[in-house]
Amino acid sequence: MPKLQSIKGAYDLFGSNLNKFNQVKALFRQYCENYGYHEIETPVFEDLRVFKREGDTSDMVNKEMYVLGNDHKMGLRPEGTAGIIRAYVEHKMYVNEAPYKLFYAEKMYRKERPQKGRQREFTQIGVENLGPKKAIIDAETIALGYYFIKLLGLNDIEVLINTLGDYESRKNYTEALKAYFGHNIECLCDDCKKRLHTNPLRILDCKVDNQNDVLQKAPKIDEYLTAEAKNYFKEVLSYLDILEIPYKVEQRLVRGLDYYTDTVFEVVSTNDASGAQSTLFGGGRYDNLVEYFEGPATSGIGFAMGLERLLILMEAEGVISEDTEEIDTYIIDLTNSNPYVLKVASILRNNGFKVELNVYDRKLKAQFKSVARLNAKTVIIIGEDEIKEATVMLKNIETQEQIKVNLDELVDKLEEMVGNDIDE
RNA sequence: GCGGUCGUGGUGAAGUUGGUUAACACUCUGGAUUGUGGCUCCAGCAUUCGUGGGUUCGAGUCCCAUCGAUCGCCCCA
């Protein structure tokens with residue numbers, strides 16, 4: 001049997017790392033609830049058609065999805081939105097008052113080459129806001145993500161925003177680009193020649209061809225936007241101004257998913273620590289997704305944030321609070337496992353105290369080492385004498401004060417000691 | 001999916017042009033006259049160098065494969 005290890009791009013999470021994960025998740029849950037969002041969990045695997053829709057050109061769905069089942073009809077979710085919309089329609093959540101707001105913190109799967117800030121199994125925390133389209137909601141959603149990152153203490157971030165117009169605008173624009181670049185294909189780099197077929201909008205964002213004259217003169221999205229779409233976008237921006245959220249309108253910003261319409265946004269890190277994966281969260285509005293799942297015409301907007309990337313940055317910017325774990329008391333046992341010791345521990349634990357007890361035959365000194373390691377606020381020492389008298393030696397680590405207490409008043413005494421510590 | 005770099009114990013790591021017992025530090029375990037620690041001192045802890053194969057009298061050190069990590073491309077969270 002060879003030594004087994006975790007699968008490429010999938011990682012074990014434990015100890016202080018898991019702790020940090022849970023801290024950020026807890027904060028996110030709380031913050032989402034401030035905005036009236038409710039948590040949802042959907043299955044990690046779904047019918048392939050949930051993720052892969054007709055005409056979908058994205059790599060994420062076509063190349064990077066883990067396909068499951070003997071008949072290859074299921075897939076591991078590469079993103080959260082599709083599954084949630086499926087659930088939204090399946091359970092007719094649209095009967096609730098709009099907007100209906102959902103958030104999630106779940107694992108996603110994408111078969112890419114692992115890299116810093118990019119794993120095959122990773123965690124996304126995100127939101128979906130379903131209901132009639134309204135500019136104020138777009139701004140509110142961006143605000144939720146932006147302020148959450150600020151709440152974590154992160155500073156080196158930038159908000160990029162753009163509009164794709166409605167579904168028709170986007171389609172027309174894509175066609176126009178295909179035609180335009182098709183005529184000028186010789187001027188493009190090799191990558192862009194490929195992009196012409198896969199994702200023409202991406203050409204606009206090419207680093208190689210950036211200064212290329214052909215690129216500079218390419219058709220602009222503006223020309224394909226309806227007046228309505230333009231006004232909508234303006235309105236979104238005005239709300240962001242009011243909220244004092246700094247943003248940069250990035251005409252070339254295109255998201256990888258095909259379902260986006262109107263507002264799209266991306267928050268990137270400007271910190272070097274994020275390496276080649278600088279996007280912290282991205283999202284946008286989608287007008288047709290609910291209908292795709294046979295639900296009533298409903299718009300939606302959401303974003304997803306990479307939790308692992310968030311933590312890389314928090315580490316780099318030094319904003320992670322290392323919370324020191326402490327326990328209320330450590331029970332030192334000098335008797336070699338007399339049942340009395342276990343009974344005392346049990347009584348205290350049932351009264352809400354965090355208690356650890358010595359279970360091995362160890363010298364007093366070794367046991368005191370555990371006291372320090374576990375960050376115990378108090379120590380309880382039990383030897384033959386204490387058992388005989390049904391008492392316990394209780395010591396306050398901070399003040400060094402030590403008293404003998406009867407078993408029946410131990411809970412109160414400990415409460416006093418531990419309680420005092422908290423007040424100070 | 002493509003290209004570059006790397007892979008030594010729980011951790012950080014040293015290991016010369018291949019040559020007997022794999023440095024050092026932290027952690028951990030035990031001890032320093034038998035009921036009071038966090039300091040100090042002493043001792044112990046990798047049959048083995050990601051894994052498999054090859055070259056060689058001899059490989060952690062060279063070659064191949066494989067797995068993994070990492071950086072860039074691509075893509076995206």
Side-chain angles (χ1 to χ4, degrees), chain A residues 1-11 14-16 57-65 77-81 104-126 145 149 189-192 194-195 198-199 202 205-208 253-257 265-269 272 274-283 302-313 330 332-335 358 360-376 379-386 393-398 400-402 404:
Chain A
M1 188 66 155
K3 236 182 242 170
L4 262 19
Q5 52 191 145
S6 76
I7 278 173
K8 182 201 282 218
Y11 306 91
F14 58 93
S16 65
T57 60
S58 71
D59 279 7
M60 189 185 87
V61 169
N62 291 294
K63 291 200 255 172
E64 297 166 1
M65 191 151 60
R77 64 172 169 226
E79 55 112 7
T81 305
Y104 58 94
E106 301 208 274
K107 296 268 175 97
M108 303 296 161
Y109 302 84
R110 261 125 97 158
K111 197 172 175 176
E112 302 176 273
R113 188 82 169 262
Q115 207 179 103
K116 186 178 194 180
R118 184 215 271 169
Q119 308 177 181
R120 290 186 165 186
E121 182 186 62
F122 61 103
T123 314
Q124 282 192 338
I125 55 181
I149 287 182
C189 72
D190 289 346
D191 280 333
C192 284
K194 274 183 255 165
R195 287 186 182 114
T198 57
N199 193 351
R202 267 285 164 204
D205 199 21
C206 180
K207 293 173 194 98
V208 180
L253 176 69
V254 192
R255 311 248 55 248
L257 275 48
F265 54 92
E266 203 167 284
V267 170
V268 299
S269 160
D272 288 340
S274 51
Q277 317 301 328
S278 59
T279 304
L280 271 179
F281 77 83
F303 66 74
M305 220 180 268
L307 188 46
E308 288 81 2
R309 289 185 187 177
L310 222 44
L311 286 165
I312 288 172
L313 274 176
Y330 185 89
I332 287 180
D333 175 13
L334 271 6
T335 70
N358 177 64
Y360 298 115
D361 191 13
R362 296 192 298 167
K363 293 235 159 89
L364 179 67
K365 172 151 180 160
Q367 297 192 39
F368 256 107
K369 268 195 171 172
S370 299
V371 172
R373 248 195 303 261
L374 294 169
N375 236 325
V379 174
I380 285 172
I381 301 168
I382 296 173
E384 300 299 341
D385 295 349
E386 285 79 7
M393 198 60 92
L394 179 61
K395 178 173 183 171
N396 186 325
I397 291 297
E398 201 184 334
Q400 298 284 354
E401 166 199 11
Q402 182 169 315
K404 186 175 266 195

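By convention in this document, chain letters (A, B, ...) are assigned in the order of the sequence lines, proteins followed by strands, and residues within each chain are numbered from 1.
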Write down the distance separating the [atom1] atoms in [N] and [M], rounded off to the nearest Å.
{"N": "B/U29", "M": "B/G68", "atom1": "C1'", "result": "31 Å"}
{"N": "B/C63", "M": "B/G44", "atom1": "C1'", "result": "39 Å"}
{"N": "B/C41", "M": "B/C24", "atom1": "P", "result": "16 Å"}
{"N": "B/U47", "M": "B/G10", "atom1": "P", "result": "10 Å"}
{"N": "B/G54", "M": "B/U27", "atom1": "P", "result": "43 Å"}
{"N": "B/U40", "M": "B/G4", "atom1": "P", "result": "49 Å"}
{"N": "B/U16", "M": "B/G12", "atom1": "C1'", "result": "22 Å"}
{"N": "B/C75", "M": "B/G1", "atom1": "C1'", "result": "11 Å"}

Using Watson-Crick or G-U wobble geometry with both distances under 3.5 Å, which nucleotide pairs with [N]?
{"N": "B/U21", "result": "none"}
{"N": "B/C49", "result": "none"}
{"N": "B/U55", "result": "none"}
{"N": "B/U34", "result": "none"}
{"N": "B/A43", "result": "B/U29"}
{"N": "B/G3", "result": "B/C71"}

State whether [X] places a side-chain N or O below 4.0 Å from either non-bridging phosphate oxygen (OP1 or OP2) of [N].
{"X": "A/R113", "N": "B/C76", "result": "no"}
{"X": "A/K369", "N": "B/G38", "result": "no"}
{"X": "A/K363", "N": "B/G31", "result": "yes"}

(message) Any heavy-atom pair between the side chains of A/R309 and A/F122 that's under 4.5 Å?
(response)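 No; the side chains remain at least 4.5 Å from each other.
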(message) What I'd like to find out is whether the side chain of A/Q400 reaches to under 4.5 Å of the side chain of A/K395, using heavy atoms alone.
(response)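 Sidechains of A/K395 and A/Q400: in contact.
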Using a 4.0 Å heavy-atom cut-off across all strands, classify [X] as base, sugar-phosphate, or nothing.
{"X": "A/Q400", "result": "base"}
{"X": "A/K365", "result": "base"}
{"X": "A/G9", "result": "sugar-phosphate"}
{"X": "A/R110", "result": "base"}
{"X": "A/E386", "result": "base"}
{"X": "A/Y11", "result": "sugar-phosphate"}
{"X": "A/Q277", "result": "base"}
{"X": "A/Q115", "result": "base"}
{"X": "A/G117", "result": "base"}

(request) Can you spot which of A/L394, A/I332, A/N396 makes a side chain to side chain contact (heavy atoms under 4.5 Å, CB included) with A/V379? (result)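 The residue from A/L394, A/I332, A/N396 that satisfies side chain to side chain contact (heavy atoms under 4.5 Å, CB included) with A/V379 turns out to be A/I332.
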Between [X] ([atom1]) and [N] ([atom2]), how many Å, whole number?
{"X": "A/E112", "N": "B/G72", "atom1": "CD", "atom2": "P", "result": "14 Å"}
{"X": "A/I381", "N": "B/G35", "atom1": "CD1", "atom2": "P", "result": "11 Å"}
{"X": "A/N396", "N": "B/G37", "atom1": "CG", "atom2": "P", "result": "16 Å"}
{"X": "A/Q119", "N": "B/C71", "atom1": "CD", "atom2": "P", "result": "11 Å"}
{"X": "A/L253", "N": "B/C75", "atom1": "CG", "atom2": "P", "result": "14 Å"}
{"X": "A/E64", "N": "B/A77", "atom1": "CD", "atom2": "C1'", "result": "11 Å"}
{"X": "A/Q124", "N": "B/C76", "atom1": "CD", "atom2": "P", "result": "13 Å"}
{"X": "A/L310", "N": "B/A77", "atom1": "CG", "atom2": "C1'", "result": "10 Å"}

With no angle test and no hydrogens, is the base of [N] tied to the side chain of [X] by a donor-acceptor pair under 3.5 Å?
{"X": "A/R118", "N": "B/C71", "answer": "no"}
{"X": "A/R309", "N": "B/C76", "answer": "yes"}
{"X": "A/Q402", "N": "B/U36", "answer": "yes"}
{"X": "A/K395", "N": "B/U36", "answer": "yes"}

(message) Using a 5.5 Å cut-off between ring centres and planes within 30 degrees, is A/F281 stacked on the base of B/A77?
(response)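 Here A/F281 fails the 5.5 Å or the 30° condition.
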(request) For atom NZ of A/K404, decide whether the heavy atoms of other residues, nucleotides or ligands shown that lie under 6.0 angstrom number more than 12. (result)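 Yes, NZ of A/K404 has more than 12 neighbouring heavy atoms, counting only those of other groups under 6.0 Å.
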(message) I'd like to check the side chain to side chain contact (heavy atoms under 4.5 Å, CB included) partners of A/S278; sequence neighbours left out, ordered by chain and number.
(response)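 Partners of A/S278 by the side chain to side chain contact (heavy atoms under 4.5 Å, CB included) criterion, ordered by chain and then number, come out as A/V268, A/S274.
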(request) Could I get the full list of ring-ring contact (aromatic ring centres under 6.0 Å, His included) partners for A/F303, not counting sequence neighbours? (result)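 Counting only residues at least two positions away or on another chain, A/F303 forms a ring-ring contact (aromatic ring centres under 6.0 Å, His included) with A/F281.
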(request) Between A/D361 and A/L280, just flag the one whose closest nucleotide in RNA chain B comes earlier from the 5' side. (result)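 Mapping each residue to its closest nucleotide by heavy atoms, the 5'-most match is A/D361.
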(request) Hey, which sits more toward the 5' end of RNA chain B by its nearest nucleotide, A/G383 or A/M60? (result)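 Result of the comparison: A/G383.
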Any luck finding a side-chain donor-acceptor pair between [X] and [Y] under 3.5 Å?
{"X": "A/S370", "Y": "A/R362", "value": "yes"}
{"X": "A/E308", "Y": "A/T123", "value": "yes"}
{"X": "A/Q124", "Y": "A/E79", "value": "no"}

